[in-house]
Amino acid sequence: MEINILIGGAAGQGMDTVMNLLGKALVREGYGLIYTKDYMSRVRGGHNFSRLRIASGTPWTTIEAIDILVALNEETYKTHKDNLLPTGRVIYDPGLFLLPDHEKRAVPVELEKLAKEAGGAIMANTVAVGALLVLIGLPPVAVEKLLHEVFSSKKGVAEQNIKALKKGYEAAAEYCSACFVLPPKERQSKRLFIEGNQVLGMAALASGCRFLSAYPMTPATGILNYLAAKSKSYPVVVEQAEDEIAAINMALGASYAGVRALTVTSGGGFSLMVEGLSLAGMTETPLVVVVAMRPGPATGLPTRSEQGDLSFVLHAGHGEFPRAVLSATSHEDAFYRLNKAFELADRFQIPVIFLSDQNFADTHRSVEPFDFSRLGYNRHLVGEKDIQKPYRRYLLTEDGISPRMIPGVAEGEVVLVDSDEHDEKGHIIEDAATRVRMVNKRMNKLTALAEEMDEPDLYGDPHPQKLLVGWGSNYGVLREAVNNLAALGVKVALLHFSDLWPLPQKRLLELAGRVKQLYCVENNATGQLAALIRRETGLAIDRLILKYDGRPFMPHEIVGEVEKNA
Amino acid sequence: MLSEKDYLVGDTAWCPGCGNFAIREALAGALAELKIEPHRLLICSGIGQAAKIPHYIKANGFNGLHGRALPPALGAKVANKELTVIVESGDGDSYGEGGNHFIHNIRRNPNIAHLIHNNQIYGLTKGQASPTSDPGMVTGVQTGGVVTPALNPLALALVLGAGFVARCFSGEQEHLKATIKAAIDFPGYALVDILQPCISFNKVNTYGWYKKRVYFPEVSDREDWDAALKLAREWGEQIPLGIIYFKPRPTFEDALQVLEGEPLAFRNFKPQELSALQDEFR
Ligand SMILES: Cc1ncc(C[n+]2csc(CCOP(=O)(O)OP(=O)(O)O)c2C)c(N)n1
Ligand SMILES: [Mg+2]
């Protein structure tokens, strides 16, 4: 039992407002849902749309089939009508355009006219929410309280919006009232309605991140916005850098001087950061970089999704130095895993890259509240009492990790870091023996780092014949694909990576020996995880299921590909 | 209390006779006189001969990437506002590779003293033109002589709103020391462009060339921006030295209320205390 809603229109028509209101109201009522965005790189015009799926068990992904289409312009209707189910309905404004006579699924609601009657055309979106409510059988009160909260500072505006909401509700009720049945509610545990970027911003703040320097770039900007909003009331400084080179170097300076620091960007910006990443490696300065992927090369498809930068972040930076690369399966996983990124960075004194993408960054989902007590804040710093004097920032140790002190804590003792190869004190050297010792020291950290990597998540048939291997934001769609395939009688499981580097191999190798076919499912053109697996384990993936049109996978696409091969 | 000598550490890798030595001594003298303790001092630099300075002065040091001395300095200042932060690097590093950071940090106005060893050449890479090389200078790369007009750092800084703009000469060490002290004490971004002979690669702008030209103008009103710009544009037969402009304005740090109180780097923290962050999503 589920309801799939698609709302579309031109950029600037406020589809987000509708989805945010409806989504939040539904989550408050206890329903499980997911809401994804598909938008163009423009501020006005074009065709943008969002999908909202309400289903029992909390859906992991949106799907192509549509129950309710909200067409804010004619193009939306034309583009999506074929995916509107025969039992579906289309809400549209007959004042703006007319549907063909044979369209039996029409629910005409004069959005603009009713909004004007309520107080202003700007509330057309609220009218649409009202219409949606009646179709899914939810009373207006569910949204009324929310409107009061949203417009609490503007007198009278909430009342006008409530009027608009009711007008939409009544108008649509003439055509179809509760003609869609909501799924049973999920557990009533005051769930959150939250977007991927907000999860990452919150996780950073709760991990003790005190400095974020970044240059705006979709789809990472949401993290910047989140932390900037918090910088008024929490001890975090957000600085918009003059470019990404400055961003990463600022973050390194802040980290060196003692705070947890973060920078966020997408592929193009990360390209500019690469020398800085190498500096983090050489100076052994902890740093977390969120790379929110979008399709490249160059400017690519700025507002769309891809997993095209795995190979890039694995190899970015001249010279050799240890790093960790993490991604996340879901909103919940991302919250704790970004904290893990900060923890690893501090413990190993390395750069840690967290790979996100537009598909995760812009997706809202209903999630259980996070357990903040599970987050770590272990800085692994030493003070005056713990050090041998004179302090040596790069003291040679067995595991390669030198006791890290920050400047200003021990009288007479200084902390010197250097981008040149250096000795234990941080001074420039050129002799061969010290060079080798320092390279070994840095690379030694990989041994202990590898032990911290989580094995991939296994989901599905315990004795699979087919194993789908995936990573990052594709978890949800792959899970659903596995369910759908299982329903068709396929013995299939999903092995899904969050931690990517150093590559955890145990579970993969174990399973690979037992299955008939190995698939890698990735949003890129070359199968970058498959290549990594082959390089690290020698294991050849039998088949690649790849998608690189800038859009995330839909479950039926994966099912179709696997079936084809049956 | 530390003396000038206590700040001078390490074996320098500079050419005998290089102007860098005098700058280093002037800095050490300034630090001693200001009684800045090494553990509370941070010197950030990029890459180049000048940029090796953190190895030769007793201080915390962030010897980062070529052109990127300013950004880590800004980050460090945010993390620990109690550190005295000096950025010290070459003309190529500061005005060429790091030009964008030069521009935007003047706008930001962090409380940082920026000391630039301006030898009008790329020293470490053996003698290519820098942004401040005068037209006509022949190098292994600019074989027909430099054709682009030189960048004027003082005028640029003034136009961008810098509150402290000074020019010094490594051959006027006492004046240099006094100016460095003033720059460190200045609340905000302070630019000290230090003319410095490169005895190995710059055969045009030699010690004698500078010595013949530098002079100390009378600056009656250091807040007179137009007069400062005029001085900044004087280059040729006469080159004025001194603090040509001095006018504090609110700093980058002033605008950051969260910096009030203990430095961010030393604040305690427990993630559980922030669990109310999620309430807005309910
Ligand atoms: C990204 C990068 N590009 C180029 C270089 C090579 N390089 C090192 S120092 C330098 C120029 C140094 O000139 P300047 O900053 O004036 O310092 P000086 O040696 O004259 O004191 C160059 C081009 C480098 N280290 N890094
Ligand atoms: Mg130079």
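The chains referred to below are lettered A, B, ... by the order of the sequence lines, with proteins before strands, and numbering in each begins at 1.
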So for [X], is it side chain, backbone, both, or neither that comes closer than 4.5 Å to the heavy atoms of chain B?
X        : result
A:Tyr226 : side chain
A:Leu205 : both
A:Val236 : backbone
A:Phe370 : both
A:Tyr256 : side chain

Checklist line | Salt-bridge contact A:Glu413-B:Lys58 (side-chain N to carboxylate O under 4.0 Å) | finding: no
Top contributor to chain A contacts, counting heavy-atom pairs under 4.5 Å, from [options]:
options                              : result
B:Gly61, B:Ala265, B:Ala79, B:Gly10  : B:Gly61
B:Lys270, B:Arg68, B:Glu273          : B:Arg68
B:Glu37, B:Arg40, B:Gln278, B:Gln272 : B:Gln278
B:Lys52, B:Arg267, B:His101          : B:His101
B:Glu280, B:Glu82, B:Gln257          : B:Glu280
B:Ile47, B:Asp279, B:Leu65           : B:Leu65

side-chain hydrogen bond (donor to acceptor under 3.5 Å, both in side chains) with B:His55: of A:His422, A:His427, A:Lys425, only one passes, and it is A:His427
Checked A:Asp243, A:Ile248, A:Ile428 vs chain B; the most non-hydrogen pairs under 4.5 Å come from A:Ile428
Max heavy-atom pairs within cutoff under 4.5 Å with chain B, candidates A:Thr285, A:Val259, A:Leu375, A:Asp418, goes to A:Asp418
Closest non-hydrogen atom pair between [X] and [Y], with its separation:
X        : Y        : answer
A:Val409 : B:Phe266 : CG1-CE2, 3.5 Å
A:Glu242 : B:His104 : CB-CD2, 3.4 Å
B:Asn60  : A:Val414 : OD1-CA, 3.3 Å

Worksheet item: If you count the non-hydrogen atoms of other residues, nucleotides and ligands that lie under 6.0 Å from CD in B:Glu262, is the total more than 12?
Response: yes
